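Note that the coordinates shown come from a computational prediction; the quantities given were computed from them, not determined experimentally. Naming convention: chains lettered A, B, ... in sequence-line order (proteins, then strands); numbering from 1 in each chain.
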Amino acid sequence: MTEVEIIKKRVAGLREQINYHNHRYHVLDSPEISDAEYDALLVELRKLEEAHPELITPDSPTQRVGAEPVSAFGIVVHPRPLLSLANAFSDEDIDAWYKRITGLVPGQDFDFVCELKIDGLAVALTYDNRSLVTGATRGNGYQGENITQNLRTVKSIPLSVPSTAPARFEVRGEAYLPRKGLVRLNEERAAEGQPLFANPRNAAAGSVRQLDPRITARRPLDIFIYALGWSEGIQAPPTHWETMQYLRSLGFKINPNMTRCKNLDEVKACCHGWAERREELPYDIDGLVIKVNSIALQEELGFVGHDPRWAIAYKFPAVQGTTRLLDIGINVGRTGSLNPYAILEPVNIGGVTIERAALHNEDDIHRKDIRIGDWVLVQRAGEVIPEIVGPVVSRRTGGEKVFHMPAACPVCHAEVIRGEGEAMHRCANTACPAQALESIIHFASKGAMDIDGVGEKLCRSLFEKGLIKDSGDLYSLTHDSLLGMERMGEKSAANVLASLEKSKDRPLARLIFAVGIPNIGEETASILVQHYNSIGALSKAGREELMGIPSIGPKVSDGILAFFRQPQNTDIIDKLSKAGVNMQSAETVRRDLPFSGREFVITGKLAASGRQELEVKIRALGGKAGSDVTKKTGYLVVGADPGAKLARAQALGIKILNENEFLQMVKEAEDRLK
DNA sequence: CCGCCTCGAGTTCT
DNA sequence: CTCGAGGCGG
């Protein structure tokens, strides 16, 4: 094959792929690849065509804006096409764009408007004689679908406008589903066994294209208007900014997060700012749109191909991607649960390489119909934790394998059991080495005994060398035995011994949590300490007595009884006791502490001290430290970069404290105790 | 018995 | 963060 033939073949292949994905995206509302991947295909094709113009055909995907609309709805021809925007993925791309446009109209002062790029679908609304007459999708840019009946159900779209409006005009906006709406919708769909929407855009597109408008009406769709398409009978304002103010005065919903920027530095600062804060918004954005403010300049700049020169879309790095599920591995947790996880072909999502993702349990895997060998859609939940959304069914070859939990524990080969009505599979062997090791790691971990320098790696090495068999053995470690470990010198060994020594006087609640009684976490451990002032007292507690304690029920009681009946466990406690680990509650229970009956929740990064330390203080003062904002939450302590909890607390009218106010409160409470 | 609210357990990556 | 499930009120 000659080089030209190879290129020809590649071009044909790219076109086929792009057409296929175009159809999936625009027609079926069910894309299989991320936007970034799609863009990459298009970019490659464009490059090849630029180098070999003779290969360009009129039907090449580069020669049009989108796919043909389906005909279930009437077709609307847009008097002025709804165009796509060129993309910028970096500051350099913005610089290049700026250089191009300033070169075209030299000597002009530019100012810009930056707007959020909402992840929804573009629609055009036409008003005639003050009434909404047509609502249409963007379609291929030149003609879209008539979805007037459906858009009429969107409450933020005015059905009529005041007399200050032009006689006839068209506005353009982005219809979208707020994040909460998507969650709710997907819950409903999961309950009905329907495939889930992968993102808000698909959900919005799916909602707006319902044949029955009553279904659309039940979806919490919203809209932001971002442009005046065309108008008759008025003198349109001279800038984009003023146009938006005018549209707002007509009753249209305009996104409040719109910024006027005098220069490129301000534009970039705005983009970076929103890249940081995008999570604070109740809807998804996939970037920002930068527009030249002056309408006269916009007209002067004109278009290149299908893209206006006067605007550019600054796109955030993709938060979704597709990759192959190579295999499903199993971890054995400290409770003996078998936890499946996905082993993925490494894929970069939002600048981070993902190769693992939790799969929770077997039912979850089957519910999502994920099979080994599948192409899967991966996203970072809450922008951090990787998550598999679902398989790309159409990319199956038939060689994929349905996953089944092994019948034997992958570590000790003991029998695997699944309790009646339980989602988790468990290793039946209570002496399973994996469980033993995980228990030790948990014991030393931050929330538990917090033994500095004794992390997962060291625990594993010590365990494999046979130097420790359970957490009680940690305290018999010697300087010499530690020196045999990897990357362990004189200094580190001494540090570890010092940390162990320091951990001996942790409060009783931490110890109870650390020993790993089933279903007893930090909170329940604290509650238990209010009723028993030593491990010994707890170990002698009877079933009825335990059940009498609020928030302790039959399961937790039985867990405690079973724990102390196991000789392995009492042996560990003996070892700890002999080593001098604190086994008692430091202070006798005080009924009326300053924070009694008050619940605090912390969000964001705290400047002065760690969250854990503060939670310990709250409990020491008799308060509760919750993890989620609820109706019962008394105070929300807000640090830097607060999470979604802030919005929730505001919605519930909960008292909000900043870090200083909170510390002041703690100080006053501590003073009162003296 | 059901639904709501919390808590527990396991998790990714830098 | 997510999912599952324990506790408890209605």
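The nucleotide whose nearest atom lies closest to any side-chain atom of A/K555 is, among B/dT12, C/dG7, B/dG10, C/dG7. Proximity note for A/F513 (side chain, C-beta onward) versus C/dG4, B/dG8, B/dA9: the nearest is B/dA9. Closest to the side chain of A/R334, out of B/dA9, C/dC8, C/dG6, is B/dA9.
For the pair A/H366 (side chain) and A/F403 (backbone), a donor-acceptor distance under 3.5 Å is present. No donor-acceptor pair closer than 3.5 Å links the side chain of A/D452 to the backbone N or O of A/S499. Side chain of A/R356 to backbone of A/Y341: no donor-acceptor contact under 3.5 angstrom is found. Without hydrogens or angle criteria, A/R460 side chain to A/E456 main chain gives no donor-acceptor distance under 3.5 Å.
Contacts with DNA chain B (heavy atom under 4.0 Å) in residues 353-362 of chain A: A/T353, A/I354, A/E355, A/R356, A/A358, listed by number.
In this structure, the CG atom of A/N348 is 9 Å from the P atom of B/dT14, given to the nearest Å. Taking atom CD of residue A/Q379 and atom P of nucleotide C/dC1, one finds them 13 Å apart after rounding to whole Å. Per the geometry, CD1 belonging to A/I552 stands 8 Å off P belonging to C/dC8, to the nearest Å. Straight-line distance from the CD1 atom of A/I549 to the P atom of B/dT6: 20 Å, rounded to whole Å. Going from atom CD1 of A/I365 over to atom C1' of C/dC3 covers 13 Å, rounded to whole Å. Atom CG in A/D364 sits about 16 Å away from atom P in B/dG10, given to the nearest Å. One atom, CD of A/E523, and another, C1' of C/dG7, lie 13 Å apart when rounded to the nearest Å. Distance CD1 (A/I388) to P (C/dC3): 13 Å, rounded to an integer number of Å.
At C/dA5, none of the side-chain N or O atoms of A/N519 fall inside 4.0 Å of OP1 or OP2 (strictly under the cut-off). Taking side-chain N and O atoms only, A/R367 has a distance below 4.0 Å to OP1 or OP2 of C/dG4. In terms of phosphate contacts, A/T335 brings a side-chain nitrogen or oxygen within less than 4.0 Å of OP1 or OP2 of B/dG10. An OP1 or OP2 oxygen of B/dG10 is reached within less than 4.0 angstrom by a side-chain nitrogen or oxygen of A/S337. In this model, the phosphate group of B/dG8 is approached by a side-chain N or O of A/T524 to a distance below 4.0 Å at OP1 or OP2. At the phosphate of B/dT11, OP1 or OP2 sits under 4.0 Å from a side-chain N or O atom of A/N339.
For A/K465, the NZ atom sits in a packed shell: over 12 heavy atoms of surrounding residues, nucleotides or ligands are nearer than 6.0 Å. The environment of A/K575 atom NZ is dense: over 12 non-hydrogen atoms of other residues, nucleotides or ligands sit within 6.0 angstrom.
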Requested in this report: Decide yes or no on salt bridge (charged side-chain N to carboxylate O under 4.0 Å, His left out) for A/K469 and A/D571, but give the supporting numbers first.
Outcome: CA-CA 12 Å; A/K469 284 201 279 300; A/D571 283 352; over 6 Å; no

